[in-house]
Amino acid sequence: MIILVLNSGSSSIKYKLFDIQGDSEKLLDKGLAERIGEKIPAHKEAVNLILNKIGPKIDAVGHRVVHGGDRFSESILIDSHVIKAIEDFVELAPLHNPPSLFTINESRKILSGIPHVAVFDTAFYYDMPEYAYLYAIPYKFYEKYKIRRYGFHGTSHRYVSEQASRLLKRPLNGLRLITCHLGNGCSITAVKNGRAIDTSMGFTPLEGLVMGTRSGDIDPAIIPYIMEKENIDVTAVVEMLNKKSGLLGVSGLTNDMRELMQAKGSNKKVKLALDIFIYRIKKYIGAYTGVMSGCDAIIFTGGIGENNPALIEEICKGVVSKDTKTLMIPTDEELMIARDTYKIAEIRGN
Ligand code: ADP
């Protein structure tokens, strides 16, 4: 079955084309339509460019959708109800869901006779225990506004969990894993018996680990304090926490880990930024090991997690027991999306 996977961001669409037959998975093509809004007018034109390049032979399409809100616990065949739900969750993911919607609508128009499947970043976290996904604020805010921990990067965490189970030759059922997705955005998830039981990103991707430009966890009282002291509004503070904090904010140099690793010997603030980054990960590993009563393997993925053994050794030092395996596994969210799309299309008889 020839499966096209479309991963839409605000200014680019990544694609991969797979041929999947049972356990055989072949990558046929991959690419990127970028600079949407500049070189390419809009997502509509980007989809057309990709489909013209690939040609007509596609059996099913898998779409990455960031936010499935409190509706989707797994990947699903797209119909008008699913589209309506993704539209409803634009409020929760104003930057992420609209590009997916543009791409879904355009590609369904052109490839109308084949199944299109939505794979949600949040779905892996749908079944977390209530005590892990609820915040200790008045319960009415959950009821009125759906304020809860949603978690993100779920497709990546699910993919590397499955790969770890294959590598360890042990079924997911019975494994306690901690998966660390360390890229520009960073998140860490506790996976017990194949299910996410807790994760560091929250209502939005801002919570949790220190990231390239995001602060991760902070005391929320800092927000009104800075607003008052700097005489700035809430939008400016939220922008600062998302775009000017994290590794970039502390180092004052860059959010790029490669550059930071090079500069850490001669620049104190760079060293400090890395120390905070590492310390935060250690704390989460300790916490998740505690709530799972142990950990069989820690998996590192994402641009930083896949390429940086010295940093990973530093993270694991002192917090990982000798029984815990450490694995570096390249993520492949598109392959995970293709696998889900294959399963759903096959059940439908395509
Ligand atoms: P995104 O979250 O945007 O997909 P990536 O997963 O590509 O980002 O990760 C980007 C980060 O990975 C950057 O900080 C980059 O410096 C880092 N990175 C990429 N390759 C290496 C490497 N060989 N060594 C250390 N860090 C790396």
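What you see below is based on every heavy atom in this structure, not just the backbone, and it leaves out hydrogens, waters and symmetry mates. Start at 1 and go down the list; that is how both ligands and their atoms are numbered.
- Looking only at protein heavy atoms, the nearest one to atom 14 (O) of ligand 1 is Met257 N, 3.0 Å.
- Relative to the six-membered ring of Tyr133, Arg149 misses at least one condition, a distance below 6.0 Å or an angle of at most 45° to the axis.
- Residue, atom and distance of the protein heavy atom nearest to atom 16 (O) of ligand 1 are Asp256 OD1, 2.8 Å.
- Not a single heavy atom of Thr331 sits closer than 4.0 Å to an atom of ligand 1.
- Between Arg71 and Asp88 no salt bridge is recorded (no basic side-chain N to carboxylate O distance below 4.0 Å).
- Salt-bridge annotation for Lys84 and Glu87: absent, with no side-chain N of the basic residue lying under 4.0 Å from a carboxylate O of the acidic one.
- In this structure, Thr189 and Asp198 have side chains that are not in contact, with every pair of non-hydrogen atoms separated by 4.5 Å or more.
- Geometrically, ligand 1 and Gly303 share a nitrogen or oxygen pair separated by less than 3.5 Å.
- Under 4.0 Å from ligand 1, the heavy atoms of Asn308 that appear belong solely to its side chain.
- Close approach of ligand 1 to Asn255 is summarised as follows: ligand atoms under 4.0 Å from at least one heavy atom of the residue are 14 (O).
- Ranking protein heavy atoms by distance to atom 15 (C) of ligand 1, first place goes to Arg258 NH2, 3.7 Å.
- Atom CE of Met201 is separated from atom CZ of Arg214 by 5.0 Å, given to the nearest 0.5 angstrom.
- For atom 4 (O) of ligand 1, the nearest protein heavy atom lies 4.0 Å away or farther.
- A salt bridge between Lys317 and Glu314 is present, with a side-chain N of the basic residue lying under 4.0 Å from a carboxylate O of the acidic one.
- Close N/O approach between Gly302 and ligand 1 is not found [any backbone or side-chain N/O within under 3.5 Å].
- Looking only at heavy atoms of the protein, atom 20 (N) of ligand 1 is closest to Asn307 ND2, 3.3 Å.
- For His116 and His63, the gap between ring centers is short of 6.0 Å.
- Regarding atom 11 (C) of ligand 1, its nearest protein heavy-atom neighbour is Ile304 CG1, 3.8 Å.
- A salt bridge links Arg339 with Glu25: the closest approach of a Lys/Arg side-chain nitrogen to an acidic carboxylate oxygen falls below 4.0 angstrom.
- Taking any N or O of His181, backbone or side chain, none lies under 3.5 Å from an N or O belonging to ligand 1.
- Tyr159 and Phe120 are members of different hydrophobic clusters when ILVMFWY side chains are connected at heavy-atom separations under 4.5 Å.
- Judged by the shortest distance from any of its heavy atoms, Gly185 lies inside the 4.0 Å radius around the atoms of ligand 1.
- Here Leu182 has no heavy atoms under 4.0 Å from ligand 1, in either its backbone or its side chain.
- The protein heavy-atom contact nearest to atom 10 (C) of ligand 1 is Asn184 N, 3.8 Å.
- For the pair Arg64 and Asp121, the salt-bridge criterion is met [side-chain N within less than 4.0 Å of a carboxylate O].
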